[in-house]
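To find a chain, count down the sequence lines: A is the first, B the second, and so on, and within it residues start at 1. Note that the coordinates shown come from a computational prediction; the quantities given were computed from them, not determined experimentally.
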Amino acid sequence: MSGRTGRIYRISGPLVVAEGLAGVMMYEVVRVGGEGLIGEVIAIRGDRVFIQVYEETSGLTVGEKVVPTGRPLSAELGPGLVSSIYDGLQRPEKEIGARTGSIFIKRGVSVPPLNREIRWGFERSREVKTGDKVLPGDVVGFVKETPLVLHKIMVPPEVSGYVKWVADDGDYTLEDSVAIVSLGDREYEVKMYQSWPIRKPRPYAEKLSPVEPLITGIRVIDYVFPIAKGGKAAIPGGFGTGKTVALQEITKWSHADIAIYVGCGERGNEMSDALTSFMKLLDPRRGRPMMERSVFIANTSNMPVAARETSVFLGVTIGEYFRDMGYDVVMVADSTSRWAEAMREISGRMEEMPGEEGFPAYLSSRLAEFYERAGRVRVLGRPERSGSLTIFGAVSPPGGDFSEPVVRSTVRYVQCFYALDYGLATRRHFPAINWLISYSLYTDFVKAYWNKLSKWSEYREAVLKILQREAELSDIVRLVGPEALPEEDKLVLEVSRMVREDFLQQSALNPVDAYSPPEKDVMIMEAVMEFYRAARRALMKGVTVAKIRELKSRAMIAQMKYYTLEQLREGVFEKVLDSIRSEFKGLLGE
Amino acid sequence: MALERLYVKSTKQVFGIRGSLLFVKAIGGIKYGEVVEVSLDGTSILGQVIDVSRDVAVIQVFGSAAGITPGHTTVKFYGETIKIPTSMDMLGRIFDGLARPIDGGPRIIPEDYLDIHGSALNPALRVPPSEPIETGISVIDGLLTLVRGQKLPIFSGSGLPHNRIAMQIVRQASVRGSGEKFVVVFGAIGVTFEEAAYFLNELRSMGALDRTVAFIAPASASTVEKLALPRTALTTAEFIAWNYDMHVLTILTDMTNYAESLKEISAAREEVPGRRGYPGYMYTDLATIYERAGRVVTKRGSMTIMPILTMPDDDITHPIPDLTGYITEGQIVLSRDMWRKGIYPPVDVFLSLSRLMKEGIGRGKTREDHREVFSQLISAYAEAQYLRELSAIVGLESLTPRDKKYLEFADLFERKFINQGEHERRNFEQTLDIGWEILSIVPEEELKQISPQTLKKFHPKYRLELEGRM
């Protein structure tokens with residue numbers, strides 16, 4: 001394990017090369033220099049050990065000591081995670097501020113990720129008694145961490161044996177033992193927290209196939225390109241296409257028990273805006289501040305680049321831990337491109353052979369390691385339960401060009417692709433998800449859910465057909481003008497406009513429209529389809545599209561999204577349908 | 001720079017020179033990032049350690065390497081990273097990229113020495129920006145409001161009047177509220193002799209100099225001085241904002257010159273280039289500059305940054321504007337077409353955006369009708385643009401009277417609202433009133449973005465009625 005103390009041989013930005021570290025292991029954490037800066041071993045070439053340092057390195061001197069810690073970079077997992085704001089090394093930023101009294105992040109600060117002084121109310125599990133055999137993942141007790149999160153205290157992976165003792169209900173700190181497990185003559189003290197290496201996926205019993213959609217409250221995702229619980233999605237988009245807003249909306253409204261927001265190499269003001277809104281906004285399903293089910297990792301673009309990678313893996317590890325409790329977790333990473341750029345920088349300094357556009361050849365496999373940790377699983381331990389971790393990764397392609405290496409590598413590992421379009425954004429169509437190139441490979445898995453609510457499969461297909469036809473027609477329209485089209489096509493254009501404006505467009509700023517539950521999606525779509533059906537019948541009887549355009553029910557459909565689900569249920573929806581029917585009857589002179 | 005301090009060690013073992021990089025046989029105790037002094041005949045230049053191992057130290061010199069001779073030139077190591085002296089006495093003064101006075105005045109007596117690289121603001125202590133800065137320029141204040149703590153760049157092109165806009169903002173910008181103090185830090189990077197002379201002239205004659213600190217590194221300055229300038233300017237700005245609770249607006253022009261210097265140094269270091277020859281870390285490098293903007297919980301002051309850059313070939317997807325746009329909170333884009341039409345400032349309002357505007361306007365901040373006037377102006381102008389294109393195809397005669405009103409509106413919008421004198425300062429109220437004046441050309445029922453209450457209160461028609469009654 002822990003080898004001898006080494007000495008710095010070379011310093012080049014975030015890369016430090018050390019000598020004399022015999023016995024050090026790959027990805028081991030080392031403390032560099034007198035200030036004990038945190039670094040990680042990323043390559044070993046003979047006697048030279050390459051260390052990626054997660055803090056600013058200026059002022060370091062050749063010959064300063066490098067001390068191995070014997071441990072890989074790990075996350076602390078336990079009560080106190082929720083509502084925290086961490087940097088990429090899981091240092092709590094609020095505490096750092098309080099402790100240093102500075103508005104800046106200073107290097108060399110060491111604060112434990114989880115507060116050791118808080119006494120958490122522990123309630124033992126009634127199913128675990130002295131003498132019982134316990135296995136990894138077994139729940140021994142509970143802590144009500146926030147009004148929204150019941151934190152399950154589990155036997156850590158790799159620990160099993162017979163319960164010798166379980167603490168009574170009461171208030172304990174994280175350092176107190178809450179159970180003792182013995183196997184042979186070895187004893188293990190179970191505490192309320194555990195630690196896990198961030199680069200290693202946490203074990204589970206079995207991976208399950210996706211069955212249920214993760215409702216995000218965003219119509220174009222939920223209805224048109226649904227994502228399943230445990231799914232993985234990429235959201236690429238140039239600047240100004242609304243990427244960050246889309247990600248924030250997903251984190252806010254998703255039907256998940258835990259939301260993890262990783263701001264990796266992005267704007268500080270945005271992070272602060274997200275934090276403020278999470279404290280103010282209430283979870284629509286449970287009426288409590290969203291902060292009470294969220295974890296933030298904030299490594300802004302001006303913080304050390306090497307810590308971008310750790311922010312992403314730290315987020316995933318925390319996500320897996322809550323998944324192991326049997327929860328549905330959603331994690332967003334904004335932006336994976338910044339992480340890829342950090343990899344490129346370190347790789348360049350290590351003088352590795354560059355791949356495309358200077359990115360290292362292992363870019364793709366590193367992305368795979370990240371996305372593959374998503375999934376729905378039957379977790380370890382009793383009571384038997386399943387949990388899921390869904391990942392959304394933002395990609396920021398230079399110049400908005402999707403043919404660049406990060407986008408191209410990412411699409412190989414994700415099942416959903418939400419392409420944000422500059423053209424849509426300039427036309428103020430938000431979320432600017434381009435329906436012609438986006439896709440979801442989960443539609444078959446979630447159709448049972450949606451078809452129970454409505455004729456989803458049929459309508460969804462119809463919507464995609466209409467939008468596709470519109471794209472084809474738009475070229476013709478540009479040449480000859482819309483009036484030259486046959487009536488049938490004019491109607492397609494009319495309905496596709498309704499689909500775009502009344503259904504796909506959704507305002508993140510409007511308090512009612514920002515979150516759209518599935519039942520509401522279904523009603524709006526039903527109304528649009530009812531209109532389309534009625535209009536087609538009318539066309540056959542010789543009514544012109546110009547006449548149909550004048551109908552008042554069109555405007556009523558457009559207003560539907562600004563009503564709450566309750567209002568729609570209690571009459572608005574019926575009124576819209578009635579109005580469509582009676583107006584068309586009027587047109588036909590019936 | 002702490003030049004006064006004693007250096008600790010020196011060596012004559014320079015064994016290689018490439019561009020502005022010196023390769024020196026390492027001696028013990030060299031610190032990564034420390035400042036060195038390279039002595040030439042009678043003079044000396046400064047440099048910085050950018051890579052050090054037990055055998056070799058790589059030094060980047062802040063000037064020309066001409067005259068450096070391996071084996072003869074002495075390199076002295078200071079044992080410290082680049083620091084600049086800071087003081088409130090810097091107000092009203094003009095400096096170079098390393099904070100040395102160039103206005104003929106005396107050296108300043110420092111209150112503190114600060115590392116120009118600064119540190120990252122703690123994200124958990126940031127407060128979302130929500131108070132406006134009044135630049136006195138209608139198109140910015142009305143449609144692209146700059147908010148304290150924001151970073152909002154101007155994307156320009158060569159030949160467009162960005163320097164004049166910059167000077168107008170330096171002259172006019174202010175914040176409201178009693179007891180709120182406002183300072184402008186101006187940084188010019190790699191500007192030509194003519195531009196530098198223009199800036200110096202303007203700064204001296206404007207009378208606002210006592211609340212301004214200026215830094216100028218001309219095109220002839222060393223590459224490294226150009227790289228240092230934005231950081232020197234921002235370090236001074238931070239000193240003023242955080243220590244003296246002032247609102248500081250830092251204007252940096254032209255960041256394209258900065259990026260070119262970055263590329264030059266990267267090539268000299270033989271780094272693997274990223275897109276179009278710019279280093280792969282350019283995003284991070286620019287972020288360490290722009291992210292110094294912000295507000296924090298515990299301080300009253302704020303840091304606002306307005307970088308100005310010229311888009312090479314007017315191409316917004318070029319790496320410099322592209323990466324900037326990913327970092328900044330919006331952009332103000334200047335248009336050559338508007339400039340040809342004789343509109344100053346020639347802002348393209350469709351390509352421009354201030355992301356933080358919505359938090360910084362409205363009652364108690366600018367005026368209660370701001371949001372609605374803004375939406376209405378933009379949507380009416382968009383409608384008018386569409387009609388302009390249409391009339392180009394079908395001819396003016398076939399337009400309806402309503403359409404013609406819109407064309408008239410667009411014309412006035414450009415000539416009266418966007419267009420403005422270089423020395424004309426309009427406050428928020430004046431800007432919004434001009435907005436109303438030209439909106440009143442459009443039929444009232446077309447003003448869908450404005451609520452009936454706001455309309456009754458501010459529409460010139462009702463206002464006249466009100467005033468008539470009084």
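- When each of A/Glu266, A/Glu351, A/Glu357 is checked for heavy-atom pairs under 4.5 Å with chain B, A/Glu266 comes out on top.
- Only the side chain of B/Leu351 comes within less than 4.5 Å of a heavy atom in chain A; its backbone stays farther off.
- Between B/Leu121 and A/Phe104 the shortest side-chain heavy-atom distance falls below 4.5 Å.
- The structure places CD1 of B/Ile316 at 5.0 Å from CZ of A/Phe239, a figure rounded to the nearest 0.5 Å.
- Only the side chain of B/Thr298 comes within less than 4.5 Å of a heavy atom of chain A; its backbone N, CA, C and O stay farther away.
- In this structure, the side chain of B/Tyr32 engages the main chain of A/Gly13 through a donor-acceptor pair within 3.5 Å.
- Note: A/Ser396 leads A/Ser396, A/Gly63, A/Gly240 in heavy-atom pairs under 4.5 Å with chain B.
- No donor-acceptor pair under 3.5 Å is formed between the side chain of B/Glu271 and the backbone N or O of A/Gly348.
- Within the 4.5 Å cutoff, the side chain of B/Glu329 has no heavy atoms near those of the A/Asp273 side chain.
- At a heavy-atom separation below 4.5 angstrom, chain B is approached by A/Glu93, A/Lys94, A/Ile96, A/Gly97 within residues 90-97 of chain A.
- Only the side chain of A/Leu509 has a heavy atom closer than 4.5 Å to any heavy atom of chain B.
- Counting heavy-atom pairs closer than 4.5 Å to chain A, the top residue among B/Ile30, B/Asp51, B/Val297, B/Asp115 is B/Asp51.
- Of the two parts of B/Val272, only the side chain, counted from C-beta on, holds a non-hydrogen atom closer than 4.5 Å to a non-hydrogen atom of chain A.
- Using a 4.5 Å cut-off on side-chain heavy atoms (C-beta onward), A/Val305 and B/Tyr281 make no contact.
- Nearest heavy atom pair, residue A/Ile85 against residue B/Ala124, reads CD1-CB, 3.9 Å.
- Summarising the geometry, atom OH belonging to A/Tyr422 is positioned 10.0 Å from atom OG1 belonging to B/Thr317; distances are rounded to the nearest 0.5 Å.
- Proximity to chain B (any heavy atom under 4.5 Å) is shown, for A/Ile103, by both the backbone and the side chain.
- Neither the backbone nor the side chain of A/Thr100 comes within contact range of chain B; no heavy atoms are under 4.5 Å apart.
- Applying the salt bridge (charged side-chain N to carboxylate O under 4.0 Å, His left out) definition to pairs two or more places apart or across chains, those involving residues 275-290 of chain B are B/Arg231-B/Asp285, B/Arg275-B/Asp322, B/Arg276-B/Asp315.
- In this structure, chain B has heavy atoms under 4.5 Å from both the backbone and the side chain of A/Pro398.
- Heavy-atom distances place no part of B/Ile289 under 4.5 Å from chain A, backbone and side chain included.
- Partner of B/Thr284 under the side chain to side chain donor-acceptor pair (under 3.5 Å) criterion, out of A/Arg308, A/Glu345, A/Arg338: A/Arg308 alone.
- Options A/Ala342, A/Gly263, A/Gly59 differ in how many heavy-atom pairs under 4.5 Å they form with chain B, and the most are formed by A/Gly59.
- Between B/Phe350 atom CZ and A/Arg427 atom CZ the span is 14.0 Å, to the nearest 0.5 Å.
- Closest approach of A/Arg344 to B/Gly280, counting heavy atoms only: NH2-O, 3.2 Å.
- Contact record, B/Pro123 with A/Ser272: O-CB, 4.5 Å, taken as the closest heavy-atom pair.
- No part of A/Pro405 comes within reach of chain B, as not one of its non-hydrogen atoms sits under 4.5 angstrom from that chain.
- Per-residue heavy-atom pair counts under 4.5 Å with chain B were compared for A/Val16, A/Thr276, A/Thr57, and the maximum is reached by A/Thr57.
- At a 4.5 Å heavy-atom cutoff, the contact between B/Glu238 and chain A is made by side-chain atoms alone.
- With a threshold of 4.5 angstrom between heavy atoms, A/Tyr86 does not approach chain B through any atom at all.
- In summary, of the residues considered (A/Thr61, A/Ile8, A/Ile11), a side chain to side chain contact (heavy atoms under 4.5 Å, CB included) with B/Val52 occurs for A/Ile11 alone.
- Summarising the geometry, atom CZ belonging to A/Arg428 is positioned 8.0 Å from atom CD1 belonging to B/Ile378; distances are rounded to the nearest 0.5 Å.
- Between A/Ser301 and B/Ala287, the shortest heavy-atom distance links the atoms OG-CB, 3.1 Å.
- Looking at heavy atoms from C-beta onward, A/Asn269 lies out of side-chain contact with B/Arg355 at the 4.5 angstrom threshold.
- Using a distance-only test at 3.5 Å, with no hydrogens or angles considered, a donor-acceptor pair links the side chain of B/Tyr283 to the main chain of A/Gly265.
- If you measure heavy-atom distances from B/Pro279 to chain A, you find no contacts under 4.5 Å at all.
- Residues A/Asn302 and B/Thr288 approach most closely at CB-CA, 3.8 Å, considering heavy atoms.
- When each of B/Ala26, B/Gly29, B/Pro128, B/Pro321 is checked for heavy-atom pairs under 4.5 Å with chain A, B/Pro128 comes out on top.
- Residues of residues 53-60 of chain B that come closer than 4.5 Å to chain A, counting heavy atoms only, are B/Ser53, B/Arg54, B/Asp55, ordered by residue number.
- Looking at B/Thr328, only its backbone comes within 4.5 Å of chain A, counting heavy atoms on both sides.
- For residues 341-361 of chain A, no pair satisfies ring-ring contact (aromatic ring centres under 6.0 Å, His included), with sequence neighbours left out.
- Remark: A/Met303 CE to B/Asn122 CG distance equals 7.0 Å, nearest 0.5 Å.
- Annotation for B/Ser119 and A/Ile105: closest pair CB-O, 3.9 Å, computed over non-hydrogen atoms.
- Contacts of B/Val49 with chain A are absent, with no heavy-atom separation under 4.5 Å from either backbone or side chain.
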